Amino acid sequence: MRSLILNIYKIFLLPHVLVYQTSKNKAVIDKDLERWATAKGTKGGKVTLLLIFLANSPDFRTLFYFRNRGVLSSLLNIYCKKEKYFRIDISTKLGGGVLTGHPYSTILNADSIGENLYVNHLVTVGEVNGKRPTIGDNVSIYTGAIIIGDIKIGNNCSIGAGSVVVKDVPDNCVVVGNPARIIKQDGEKV
């Protein structure tokens with residue numbers, strides 16, 4: 001019965017396919033789809049994956065609507081709601097391959113965020129005095145982390161749960177604590 005209801009719901013999602021097919025951000029959405037499919041162990045073509053994730057994940061819908069801003073996306077959000085407690089600032093440059101782990105009460109307000117971001121819940125990436133962070137590729141940000149101000153987070157970094165990051169973090173680091181400190185760099189304990 002659940003699969004019948006889900007299949008009927010997918011019919012209502014068909015306008016999303018039109019938005020996807022005509023999107024100027026289709027290549028970036030494809031990277032999101034690939035990352036979600038790998039993480040969830042879901043198989044299928046791009047349109048099938050799109051329908052599955054739109055039907056099952058308000059987090060993915062938030063990301064999809066961010067990538068496809070406009071009147072049609074706003075109308076689609078009326079009956080196919082995004083996660084209301086997951087916010088991405090409209091001016092943030094966000095690379096493809098974003099994966100969320102329940103981003104409840106998560107705010108992404110950065111100058112730019114690279115490819116393959118993983119973000120969990122209760123995360124704040126934000127500004128201080130109008131200055132916002134720049135985050136590299138392959139960064140994971142875990143529960144309750146705060147990254148604020150005019151700082152740079154390098155590539156291949158992990159920001160531990162509850163960390164407060166107010167200074168630059170070089171590539172290939174793991175940081176934890178408040179204030180955040182590097183505990184591992186280039187695979188070596190510091």
Side-chain angles (χ1 to χ4, degrees), residues 1-110 112-123 125 135-143 145 153 155-159 161:
M1 181 68 167
R2 175 171 156 62
S3 91
L4 175 66
I5 292 170
L6 188 59
N7 286 328
I8 291 170
Y9 185 62
K10 285 179 186 175
I11 292 170
F12 291 103
L13 295 172
L14 288 177
H16 290 80
V17 175
L18 176 64
V19 170
Y20 165 70
Q21 294 291 1
T22 60
S23 177
K24 65 181 179 180
N25 292 317
K26 188 176 180 198
V28 178
I29 296 167
D30 286 347
K31 289 179 184 179
D32 296 336
L33 288 170
E34 290 169 20
R35 182 106 188 264
W36 279 68
T38 301
K40 308 283 185 194
T42 307
K43 297 191 186 314
K46 298 283 194 240
V47 171
T48 300
L49 292 172
L50 179 71
L51 292 173
I52 289 169
F53 298 137
L54 286 171
N56 292 303
S57 176
D59 309 346
F60 186 83
R61 289 193 294 266
T62 300
L63 190 56
F64 182 80
Y65 293 144
F66 172 80
R67 301 220 189 269
N68 297 292
R69 294 177 285 244
V71 174
L72 185 54
S73 288
S74 296
L75 291 173
L76 295 174
N77 184 44
I78 291 171
Y79 74 88
C80 190
K81 299 268 185 216
K82 61 185 176 179
E83 170 58 63
K84 66 181 177 178
Y85 299 111
F86 175 32
R87 303 198 191 272
I88 306 170
D89 185 79
I90 195 166
S91 64
T92 298
K93 295 175 197 92
L94 185 59
V98 174
L99 180 64
T100 62
H102 177 63
Y104 179 82
S105 290
T106 290
I107 299 168
L108 301 179
N109 180 14
S112 68
I113 299 174
E115 304 277 316
N116 299 318
L117 172 73
Y118 171 80
V119 64
N120 217 321
H121 59 284
L122 301 170
V123 168
V125 176
I135 298 174
D137 297 333
N138 306 309
V139 173
S140 296
I141 307 171
Y142 293 96
T143 305
I153 306 296
N155 299 322
N156 310 309
C157 290
S158 291
I159 311 299

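Note that the structure is a prediction, hence the values are computed from the model and not measured. Because only heavy atoms are used, hydrogens play no part in the values below, and waters and symmetry mates are left out as well, while side chains stay in. This chain uses plain numbering: 1 for the first residue, then up along the sequence.
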K.L.:
What are the two closest heavy atoms between Ala37 and Leu49, and how far apart are they?
P.N.:
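Taking every non-hydrogen atom into account, CB-CD1, 3.8 Å.
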K.L.:
Roughly how far, to the nearest 0.5 Å, is CD1 of Ile52 from CG of Leu33?
P.N.:
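It is 10.0 Å, given to the nearest 0.5 Å.
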K.L.:
Kindly compute the distance separating CG (Asp137) from CG (Asn155), expressed to the nearest 0.5 Å.
P.N.:
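Nearest 0.5 Å value for the CG-CG distance: 4.5 Å.
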K.L.:
Taking Ser112 for the side chain and Lys93 for the main chain, is one N or O donor matched with an acceptor at less than 3.5 Å?
P.N.:
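Answer holds: no.
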K.L.:
Please name all residues satisfying ring-ring contact (aromatic ring centres under 6.0 Å, His included) with Tyr85, sequence neighbours left out, ordered by chain then number.
P.N.:
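Applying ring-ring contact (aromatic ring centres under 6.0 Å, His included) to Tyr85 gives Tyr104.
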K.L.:
For Lys46, enumerate each residue passing the salt bridge (charged side-chain N to carboxylate O under 4.0 Å, His left out) test, keeping only those at least two apart in sequence or located in another chain.
P.N.:
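If we apply the salt bridge (charged side-chain N to carboxylate O under 4.0 Å, His left out) test to Lys46, skipping adjacent residues, the hits are Glu34.
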K.L.:
Can you sort out the partners of Lys31 under side-chain hydrogen bond (donor to acceptor under 3.5 Å, both in side chains), two or more places apart, ordered by chain and number?
P.N.:
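By the side-chain hydrogen bond (donor to acceptor under 3.5 Å, both in side chains) rule, Lys31 matches Glu115.
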K.L.:
Can you tell me how far apart CG (Asp30) and CG (Asn25) are? Round to the nearest 0.5 Å.
P.N.:
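Here the interatomic distance stands at 10.5 Å.
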K.L.:
Mind checking side-chain contact (heavy atoms from CB on, under 4.5 Å) for Leu18 and listing every partner two or more places apart, or none if nothing turns up?
P.N.:
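Listed in chain order: Thr22.
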K.L.:
Could you pull out all residues at least two apart from Asn120 that satisfy side-chain hydrogen bond (donor to acceptor under 3.5 Å, both in side chains)?
P.N.:
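By the side-chain hydrogen bond (donor to acceptor under 3.5 Å, both in side chains) rule, Asn120 matches Tyr118.
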K.L.:
Going by the rule side-chain hydrogen bond (donor to acceptor under 3.5 Å, both in side chains), which residues pair with Arg87 if we only count those two or more places apart in sequence or in a different chain?
P.N.:
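side-chain hydrogen bond (donor to acceptor under 3.5 Å, both in side chains) list for Arg87, sorted by chain: empty.
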K.L.:
Cut-off 3.5 Å, side chains only: do Asn138 and Asn116 have a donor facing an acceptor?
P.N.:
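On atom types as modelled, these side chains qualify, holding a pair under 3.5 Å.
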K.L.:
Of all residues at least two apart in sequence or in a different chain, which pass the side-chain hydrogen bond (donor to acceptor under 3.5 Å, both in side chains) check with Asp89?
P.N.:
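For Asp89, the residues satisfying side-chain hydrogen bond (donor to acceptor under 3.5 Å, both in side chains) (neighbours in sequence not counted) are Ser91, Arg132.
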K.L.:
Are Thr106 and Ile141 close enough that some pair of their side-chain heavy atoms sits under 4.5 Å apart?
P.N.:
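Answer no - side chains too far apart.
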K.L.:
For the pair Leu108 and Ile113, evaluate side-chain contact (heavy atoms from CB on, under 4.5 Å) and give the outcome as yes or no after the intermediate values.
P.N.:
CA-CA 9 Å; Leu108 301 179; Ile113 299 174; 4.3 Å; yes
K.L.:
Any heavy-atom pair between the side chains of Thr48 and Thr42 that's under 4.5 Å?
P.N.:
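They are not in contact (no side-chain heavy atoms under 4.5 Å apart), so the answer is no.
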K.L.:
If I take atom OG1 from residue Thr38 and atom CG from residue Leu99, how far apart are they, to the nearest 0.5 angstrom?
P.N.:
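That separation rounds to 9.5 Å.
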K.L.:
For residues Val125 and Ala110, report the shortest heavy-atom separation together with the two atoms involved.
P.N.:
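Closest pair (atom of Val125, atom of Ala110, distance): CG1-CB, 3.8 Å.
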K.L.:
Strictly by salt bridge (Lys or Arg N to Asp or Glu O under 4.0 Å), give each pair with a member in residues 94-105 just once, sequence neighbours left out.
P.N.:
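Checked against salt bridge (Lys or Arg N to Asp or Glu O under 4.0 Å) - neighbours excluded - no pair reaches residues 94-105.
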K.L.:
With sequence neighbours excluded, what pairs up with Arg67 under the salt bridge (charged side-chain N to carboxylate O under 4.0 Å, His left out) test?
P.N.:
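By the salt bridge (charged side-chain N to carboxylate O under 4.0 Å, His left out) rule, Arg67 matches Asp32.
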K.L.:
Going by the ring-ring contact (aromatic ring centres under 6.0 Å, His included) test, which pairs reach into residues 14-44, not counting sequence neighbours?
P.N.:
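Checked against ring-ring contact (aromatic ring centres under 6.0 Å, His included) - neighbours excluded - the pairs reaching residues 14-44 are His16-Phe64, His16-Tyr65, Trp36-Phe53, Trp36-Phe60.
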K.L.:
Is the closest side-chain heavy-atom distance between Arg61 and Glu83 below 4.5 Å?
P.N.:
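The answer is no, as the side chains (C-beta and beyond) never meet within the 4.5 Å cut-off.
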K.L.:
Could you name each residue pair satisfying side-chain hydrogen bond (donor to acceptor under 3.5 Å, both in side chains) that touches residues 68-80, not counting sequence neighbours?
P.N.:
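As it turns out, the side-chain hydrogen bond (donor to acceptor under 3.5 Å, both in side chains) pairs with a partner in residues 68-80, which skip direct neighbours, are Ser23-Asn68.
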K.L.:
Minimum heavy-atom separation for Ile11 to Pro15, with atom names?
P.N.:
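That would be O-CD, 4.3 Å.
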K.L.:
Could you list the residues that satisfy salt bridge (charged side-chain N to carboxylate O under 4.0 Å, His left out) with Asp59, not counting sequence neighbours?
P.N.:
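Per chain and number, Asp59 pairs via salt bridge (charged side-chain N to carboxylate O under 4.0 Å, His left out) with no residue.
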K.L.:
Do Thr100 and Leu63 have side chains that approach each other closer than 4.5 Å (heavy atoms only, starting at C-beta)?
P.N.:
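No, too far: nothing below the 4.5 Å cut-off.
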K.L.:
Return yes when atom CG of Leu14 has more than 12 non-hydrogen atoms of other residues, nucleotides or ligands closer than 6.0 Å, and no otherwise.
P.N.:
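Check passes, neighbour count above 12.
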